[in-house]
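Structure record follows, encoded as structure tokens.
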Amino acid sequence: MALETYSYKVDSDVVKDEGKNRFSRDDDTLAAGSGVVVCGTVLGLVTATGKFKPLALGASDGTETAAAIILQNADATGEDVTVVNLKRRAQVVLQALVWPVGTNATQQAAALAALETRGIVARTGV
């Protein structure tokens with residue numbers, strides 16, 4: 001009989017240190033049309049609406065700049081969804097972050113620098 005394995009990432013796989021009393025987290029809106037978004041995905045902030053979407057490096061609506069990391073799985077395919085995002089003063093595991101397909105090292109470095117301006121620091125293997 002074949003043994004099935006499951007991989008389910010949770011917030012503690014992503015966040016290794018954060019502000020006291022979950023100061024680092026906020027409830028935010030994940031914009032409709034974002035699709036299924038998994039825990040650890042780097043998000044951008046749509047300037048016009050104040051809603052979050054997965055980082056979109058070629059965009060010009062604000063989502064081209066890393067602004068948060070989602071800490072849950074969510075399906076915003078057809079409607080806005082309230083989610084928990086990591087937005088400030090935290091240390092995260094670099095290899096647990098989820099990037100847009102095709103993200104190169106230069107783009108990733110720029111996104112990590114944008115997160116650092118918000119106090120989110122990514123470390124390898126923390």
Side-chain angles (χ1 to χ4, degrees):
M1 179 160 94
L3 182 62
E4 292 185 52
T5 58
Y6 297 91
S7 177
Y8 185 75
K9 185 176 11 171
V10 296
D11 63 347
S12 62
D13 295 320
V14 177
V15 182
K16 291 305 171 191
D17 181 51
E18 65 179 305
K20 186 177 179 181
N21 297 321
R22 302 208 176 211
F23 164 79
S24 303
R25 302 174 185 215
D26 282 329
D27 289 341
D28 292 308
T29 302
L30 185 63
S34 294
V36 175
V37 181
V38 298
C39 181
T41 298
V42 179
L43 304 175
L45 179 64
V46 180
T47 307
T49 65
K51 298 176 184 179
F52 288 84
K53 286 181 142 183
L55 187 66
L57 298 168
S60 60
D61 63 355
T63 59
E64 70 276 11
T65 303
I69 299 167
I70 192 169
L71 294 181
Q72 67 184 76
N73 296 328
D75 186 351
T77 302
E79 63 184 6
D80 290 351
V81 178
T82 300
V83 296
V84 176
N85 287 337
L86 187 71
K87 291 176 43 184
R88 69 189 69 78
R89 203 225 145 301
Q91 186 175 157
V92 297
V93 179
L94 178 61
Q95 57 271 38
L97 300 181
V98 178
W99 301 96
V101 173
T103 302
N104 65 39
T106 302
Q107 293 165 324
Q108 188 179 62
L112 291 171
L115 289 174
E116 278 195 38
T117 67
R118 296 173 175 268
I120 300 172
V121 179
R123 301 272 187 240
T124 303
V126 229

Could you state whether [X] and [Y] fall into the same hydrophobic cluster, counting links through intermediate Ile, Leu, Val, Met, Phe, Trp or Tyr residues with side-chain heavy atoms under 4.5 angstrom apart?
| X | Y | value |
| --- | --- | --- |
| V37 | L97 | no |
| V15 | L115 | yes |
| V42 | L94 | yes |
| I120 | L45 | no |
| L43 | W99 | no |

Where T117 and A114 come nearest, the two heavy atoms and their spacing:
OG1-O, 2.5 Å

On a heavy-atom basis, the closest approach of V81 and A74 is CG1-CB, 4.4 Å

Side chain of [X], backbone of [Y]: donor and acceptor closer than 3.5 Å?
| X | Y | value |
| --- | --- | --- |
| K9 | C39 | yes |
| E64 | G62 | yes |
| T41 | V98 | no |
| Q72 | V84 | yes |
| T47 | D61 | yes |
| T29 | K51 | no |

Would you call N85 and F52 a side-chain contact if the rule is heavy atoms closer than 4.5 Å?
yes

Do any pairs count as a salt bridge (Lys or Arg N to Asp or Glu O under 4.0 Å) and have a residue in residues 18-33, sequence neighbours left out, and if so which ones?
D11-R22, D11-R25, E18-R25, D26-K87, D26-R88, D28-K87

